[in-house]
There are 2 protein chains.
Amino acid sequence: MTIDQLDVRLISMLAAEPRIGVLECSRRLNVARGTVQARLDRMVARGVITGYGPDIDPTALGYGVMAFVTLQIRQVSGHSPVADRLALVPEVLEVHTITGGGDMLCRVVARSNADLQRVIDLIVDVDGVVRTSSVIALDTPVPYRVLPLVAAANRGENRN
Amino acid sequence: MTIDQLDVRLISMLAAEPRIGVLECSRRLNVARGTVQARLDRMVARGVITGYGPDIDPTALGYGVMAFVTLQIRQVSGHSPVADRLALVPEVLEVHTITGGGDMLCRVVARSNADLQRVIDLIVDVDGVVRTSSVIALDTPVPYRVLPLVAAANRGENRN
DNA sequence: AAAATTAGTGGACAATCTGCCCGGTCCTCA
DNA sequence: TGAGGACCGGGCAGATTGTCCACTAATTTT
């Protein structure tokens with residue numbers, strides 16, 4: 001069992017209004033406060049909720065350009081050393097290794113298109129990176145979201 | 001001016017321990033509580049902090065497979081209708097329009113490789129989608145993070 | 001079938017935090 | 001020189017948190 005209906009409502013509520021707090025949640029959900037606390041604790045313990053960190057918008061920090069960069073890695077070296085180096089670049093927001101022999105995909109941001117060139121150069125300079133190919137994100141019609149998934153996770157698979 | 005040193009320390013602190021609260025922050029930063037509250041309010045108002053929502057891990061929900069799908073869109077239709085349809089699929093976590101004539105990039109998750117096929121089929125079925133090409137993320141050496149960027153945003157550009 | 005475990009309820013407690021107000025200081029800009 | 005803006009330090013009532021407790025109900029184990 002992953003999560004049940006109550007969990008979904010709880011997460012949705014917190015996602016919509018993160019400031020409300022446990023007590024308010026219990027009131028709206030018509031359950032005891034201890035129940036809400038226990039649910040949250042359990043979800044944190046199980047890794048469903050990984051944190052409540054503040055969400056930062058890179059755009060508001062002046063990083064208005066986002067791009068996805070695909071890296072071709074020299075086969076011999078392996079991924080880790082490259083990933084470690086990439087992690088040192090602040091503009092690299094995430095790195096994934098992907099299917100297709102020695103490739104990686106990373107999301108980067110930059111202050112401008114010109115600045116993007118600088119960031120890409122930083123990446124190219126990483127030892128083991130053979131070639132890069134980048135696409136710029138022009139618009140984001142669907143920003144990152146998980147709520148629909150949370151709801152779906154419950155709808156389908158849950159047996160309680 | 002975007003953010004200053006105090007903002008960076010504040011964000012970093014909250015990111016590390018989201019539960020500490022305004023008062024505790026003010027103590028650790030050696031500033032008045034009102035200052036911390038004002039800083040946070042300002043950053044929220046400016047859009048730097050977009051929220052404090054709980055961070056959900058799709059893996060813990062049973063969605064262990066992640067992939068990036070590049071869509072080729074029929075030129076005539078435009079992006080919005082396609083994006084709207086994609087938004088209806090819970091497994092689609094985000095959608096970007098990217099450079100290169102009528103293309104979109106989206107991140108999707110699925111319960112398994114077989115399930116990924118189902119999700120991709122859903123995407124292909126969207127009217128206006130001509131072709132898709134997907135890469136599976138095997139590993140994520142650098143998970144999404146913004147803190148280094150926050151620190152960098154301050155280091156370089158700040159004038160206060 | 002009895003015992004044990006688990007989840008939830010309702011209540012209580014002290015400690016803490018929040019939102020909000022104030023007066024006063026310092027600094028910058030017009 | 002004045003007006004703003006930012007910060008400090010303090011105070012206040014009200015709300016919330018973490019943490020206990022005893023009790024019920026349902027499920028699981030023995």
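Convention: sequence-line order gives letters A, B, ...; per-chain numbering from 1.
For B:Asp4 and C:dC27, the CG to C1' distance is 15 Å, given to the nearest whole Å. Atom CZ in A:Arg27 sits about 15 Å away from atom C1' in C:dG10, given to the nearest Å. In this structure, A:Asp7 atom CG and C:dA7 atom C1' are separated by 12 Å, rounded to whole Å. We find that CE of B:Met43 is positioned 13 Å from P of D:dA6, with the value rounded to whole Å. Nucleotide C:dT18 holds its C1' atom 12 Å from the CG atom of B:Asp41, rounded to whole Å. The separation between B:Leu10 atom CG and D:dA6 atom P is 16 Å, rounded to whole Å. Rounded to whole angstrom, the span from the CG atom of B:Leu6 across to the C1' atom of D:dC8 amounts to 13 Å. With rounding to whole Å, A:Ile20 atom CD1 is found 17 Å from C:dC17 atom C1'.
Using a cutoff of 4.0 Å between basic side-chain nitrogens and carboxylate oxygens, A:Glu91 and A:Arg107 are not scored as salt-bridged.
The side chain of B:Leu23 has C:dT18 as its nearest neighbour among C:dT18, D:dC7, D:dC8. The side chain of B:Ala32 lies closest to D:dC8 when the candidates are C:dG10, D:dC7, D:dC8. Comparing D:dT19, C:dC20, C:dA7 by their closest approach to the side chain of A:Gln37 singles out D:dT19.
For A:Arg42, a side-chain nitrogen or oxygen approaches OP1 or OP2 of C:dG8 to under 4.0 Å. Between C:dA7 and A:Arg39, no contact under 4.0 Å exists linking OP1 or OP2 to a side-chain N or O. For the pair B:Arg33 and C:dC20, the criterion of a side-chain N or O lying under 4.0 Å from OP1 or OP2 is not met.
Heavy-atom contacts from other residues, nucleotides or ligands closer than 6.0 Å to CZ of A:Arg131 number 12 or fewer.
For the atom pair B:Phe68 CZ and B:Ser133 OG, the distance stands at 12.5 Å (nearest 0.5 Å). Note that CG of B:Leu88 is 10.5 Å distant from CG of B:Leu122, once rounded to the nearest 0.5 Å.
In terms of position along DNA chain C, the nucleotide closest to A:Gly34 lies nearer the 5' end than the nucleotide closest to the other residue of the pair A:Arg19 and A:Gly34.
Looking at A:Asp115, its side chain does come within 3.5 Å of a backbone N or O of A:Arg111 through a donor-acceptor pair.
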